Amino acid sequence: GIEFDAQIDFSDISFMSPMDICTIFSNAIDNAIEACEKITNQSERAMSIKARRIKNFLTIAFENSSTEDFLIENDEILTTKQDKQYHGFGLNNIRKVVEKYDGECKIKRDVEQFILYLIIPCSI
C-alpha cells in the first residue's frame with residue numbers, strides 16, 4: 001500500500017562496512033514505512049530512495065509522505081512512540097554511522113513530506 005521508488009547505485013561504496021550500510025538503510029526504510037502507514041488515504045503514501053556517488057561523495061536521499069509532526073530536543077528527533085525506552089534510536093544510529101565517515105545528515109520536513117539527506121565523503 002505504499003508507492004515505492006528506488007534509484008540506487010552501490011558501485012563505489014566499498015569503503016563502507018556492510019553493517020553500516022544496513023544500519024542506514026534499515027532504519028530509514030523502517031521509519032518511512034511507519035510514517036506512511038499512519039496516512040489514512042493509501043493513494044497519498046509514497047517513499048523514495050536515491051543513492052549515488054557524485055564526484056567524491058556518496059549522496060543518499062530518503063523521502064517519504066508524512067503528516068506527523070516531530071519534536072526536536074538537543075538536535076535530536078524524539079520518538080513519537082509510547083514505549084520510549086525501546087524506540088527512538090534509528091535516526092541517531094544513522095547519524096552516528098554518517099559521522100563515523102565524516103559525513104553530514106540533514107533532515108527537512110514540510111507539510112506532507114519528510115526528507116533525510118546524507119552526504120558522505122568517499123575514501124578511496
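Values reported hereafter were calculated over all heavy atoms of this structure, with side chains retained and with hydrogens, waters and symmetry mates removed. Bear in mind the structure is a predicted one, so any value in this text is a computation, not a measurement.
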Participant: Same cluster or not: are Tyr101 and Leu91 linked, directly or through other Ile, Leu, Val, Met, Phe, Trp or Tyr residues, by side-chain heavy atoms under 4.5 angstrom apart?
Facilitator: yes
Participant: So, do Glu63 and Gln113 sit near enough that their side-chain heavy atoms are less than 4.5 Å apart?
Facilitator: yes
Participant: How many angstroms lie between SG in Cys105 and CD in Glu99, if you round to the nearest 0.5 Å?
Facilitator: 8.0 Å
Participant: Quiz question: by atom type and distance under 3.5 Å, do the side chains of Ser11 and Asp9 form a donor-acceptor pair?
Facilitator: yes
Participant: Shortest non-hydrogen contact from Cys36 to Ala46?
Facilitator: SG-O, 3.4 Å
Participant: Could you state whether Ile94 and Ile8 fall into the same hydrophobic cluster, counting links through intermediate Ile, Leu, Val, Met, Phe, Trp or Tyr residues with side-chain heavy atoms under 4.5 angstrom apart?
Facilitator: yes
Participant: Do Phe114 and Tyr117 sit in one hydrophobic cluster, given that two such residues count as connected whenever their side-chain heavy atoms are within less than 4.5 Å of each other, even indirectly?
Facilitator: no
Participant: Can the ring centres of Phe25 and Phe62 be said to be less than 6.0 Å apart?
Facilitator: yes
Participant: When rounded to the nearest 0.5 angstrom, what distance separates CD1 in Ile120 from CD in Glu104?
Facilitator: 11.0 Å
Participant: Say you draw a straight line from CD1 of Ile2 to CD1 of Ile29; how long is it, rounded to the nearest 0.5 Å?
Facilitator: 11.0 Å
Participant: Does the Ser65 side chain pair with the main chain of Glu44, one donor and one acceptor, at a distance under 3.5 Å?
Facilitator: yes
Participant: Taking all heavy atoms of Gly103 and all of Pro121, pick out the closest pair and write down the distance.
Facilitator: CA-CD, 3.7 Å
Participant: What distance do Glu3 atom CD and Met47 atom CE have between them, rounded to the nearest 0.5 Å?
Facilitator: 11.5 Å
Participant: Mind running side-chain contact (heavy atoms from CB on, under 4.5 Å) on Glu112 and Ile39 for me, showing each step along the way?
Facilitator: CA-CA 10 Å; Glu112 298 177 347; Ile39 298 171; over 6 Å; no
Participant: Going only through I, L, V, M, F, W and Y residues with side-chain contacts under 4.5 Å, is there a path from Leu58 to Val98?
Facilitator: yes
Participant: Within the 4.5 Å heavy-atom criterion, are Thr23 and Lys96 side-chain neighbours or not?
Facilitator: no
Participant: Look up atom CG in Asn27 and atom CG in Asn93, then write down how far apart they are to the nearest 0.5 Å.
Facilitator: 5.5 Å
Participant: Are Ile13 and Ile119 joined in one hydrophobic group, where the rule is that I, L, V, M, F, W and Y side chains link up if heavy atoms are under 4.5 Å apart?
Facilitator: no
Participant: Measure the spacing between CZ of Arg95 and CD1 of Ile107 and express it to the nearest 0.5 Å.
Facilitator: 5.5 Å
